[in-house]
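Encoded as structure tokens, the structure appears first; notes follow it.
Residue numbers run from 1 in the order of the sequence given.
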Amino acid sequence: IAERGVPVNPGAANADSVQRGKEYYDTACALCHGPAGRGDGSFSGFLVRFPPANLVREDANARTLSDGAIFLVITNGVPERMPGLIENLPTADMRWDVVNYVRSLQQATP
């Protein structure tokens with residue numbers, strides 16, 4: 001519901017959440033975004049018109065988005081650029097764990 005804005009991350013980015021998020025990311029996201037979130041996954045070469053976003057680069061849009069905005073991108077996708085992953089990551093908890101993992105990748109990348 002657009003009027004309600006973006007959701008707030010309900011879970012702590014603790015070690016368990018980040019580890020689960022890595023497992024989900026490796027399965028649902030790394031093919032395009034790459035294992036380190038740099039947009040260089042094995043499928044990225046086929047996405048010439050709209051290459052996958054680099055999630056970790058210092059000036060990456062994903063760094064400026066709120067956790068809730070990233071959650072919504074994972075859930076709903078971006079029209080003509082990225083599919084929604086709600087079928088691949090069917091529970092909200094799974095998608096929040098991916099958000100926490102992406103944040104951990106960003107913190108590890110200067």
Side-chain angles (χ1 to χ4, degrees):
I1 302 173
E3 296 79 29
R4 298 195 65 192
V6 296
V8 175
N9 192 337
N14 59 37
D16 290 337
S17 173
V18 171
Q19 180 57 43
R20 287 189 307 268
K22 179 185 182 338
E23 293 169 16
Y24 304 143
Y25 177 94
D26 288 347
T27 301
C29 310
L31 188 63
C32 294
H33 292 285
R38 299 182 193 282
D40 60 354
S42 59
F43 195 70
S44 65
F46 298 103
L47 304 172
V48 178
R49 184 171 175 212
F50 297 115
N54 182 324
L55 304 173
V56 297
R57 190 179 63 228
E58 186 175 336
D59 63 344
N61 187 43
R63 284 186 179 259
T64 63
L65 295 174
S66 68
D67 287 358
I70 294 172
F71 176 85
L72 290 176
V73 168
I74 294 168
T75 302
N76 301 319
V78 178
E80 298 184 22
R81 294 178 183 258
M82 179 184 143
L85 297 176
I86 195 165
E87 290 182 13
N88 302 74
L89 302 167
T91 70
D93 288 341
M94 293 170 86
R95 296 188 302 278
W96 283 118
D97 287 340
V98 171
V99 170
N100 290 337
Y101 178 66
V102 167
R103 291 298 192 210
S104 76
L105 288 175
Q106 291 171 343
Q107 290 171 356
T109 304

Mind checking the OG1-CG spacing from Thr91 to Asp97? Nearest 0.5 Å is all I need.
7.5 Å
Contact summary for His33 and Pro52, nearest pair of heavy atoms
ND1-CB, 4.0 Å
Find out if a path of hydrophobic residues (ILVMFWY) with successive side-chain heavy-atom gaps under 4.5 Å connects Val98 to Leu31.
no
Roughly how far apart are Met94 CE and Leu85 CG, rounded to 0.5 Å?
10.5 Å
For Phe50 and Arg81, which heavy atoms make the closest approach, and how far apart are they?
CD2-NH1, 3.0 Å
Tightest non-hydrogen contact, residues Arg63 and Leu55, listed as CG-O, 4.3 Å
Tyr101 versus Val18, closest heavy-atom pair with distance
CD1-O, 3.6 Å
Donor-acceptor under 3.5 Å (Ser17 side chain, Asn14 main chain):
no
Carboxylate-amine/guanidinium proximity below 4.0 Å for Asp16 and Arg20
no
Gly11 and Asn100: which non-hydrogen atoms are nearest, and at how many Å?
O-ND2, 4.0 Å
Checking Phe71 against Val6 for the side chain to side chain contact (heavy atoms under 4.5 Å, CB included) test, could you report, in this order, the C-alpha distance in whole Å, the side-chain angles of both residues, the deciding distance, and whether it holds?
CA-CA 9 Å; Phe71 176 85; Val6 296; over 6 Å; no
Minimal heavy-atom distance between Leu105 and Thr109, with the atoms involved, is O-OG1, 3.0 Å
Check whether Ser44 reaches the backbone of Gly41 with its side chain - one donor and one acceptor, N or O, closer than 3.5 Å.
yes
Residues that Arg38 engages under salt bridge (Lys or Arg N to Asp or Glu O under 4.0 Å), provided they are two or more places apart:
none
Quick one: does Pro7's side chain get under 4.5 Å of Trp96's, heavy atoms only?
yes
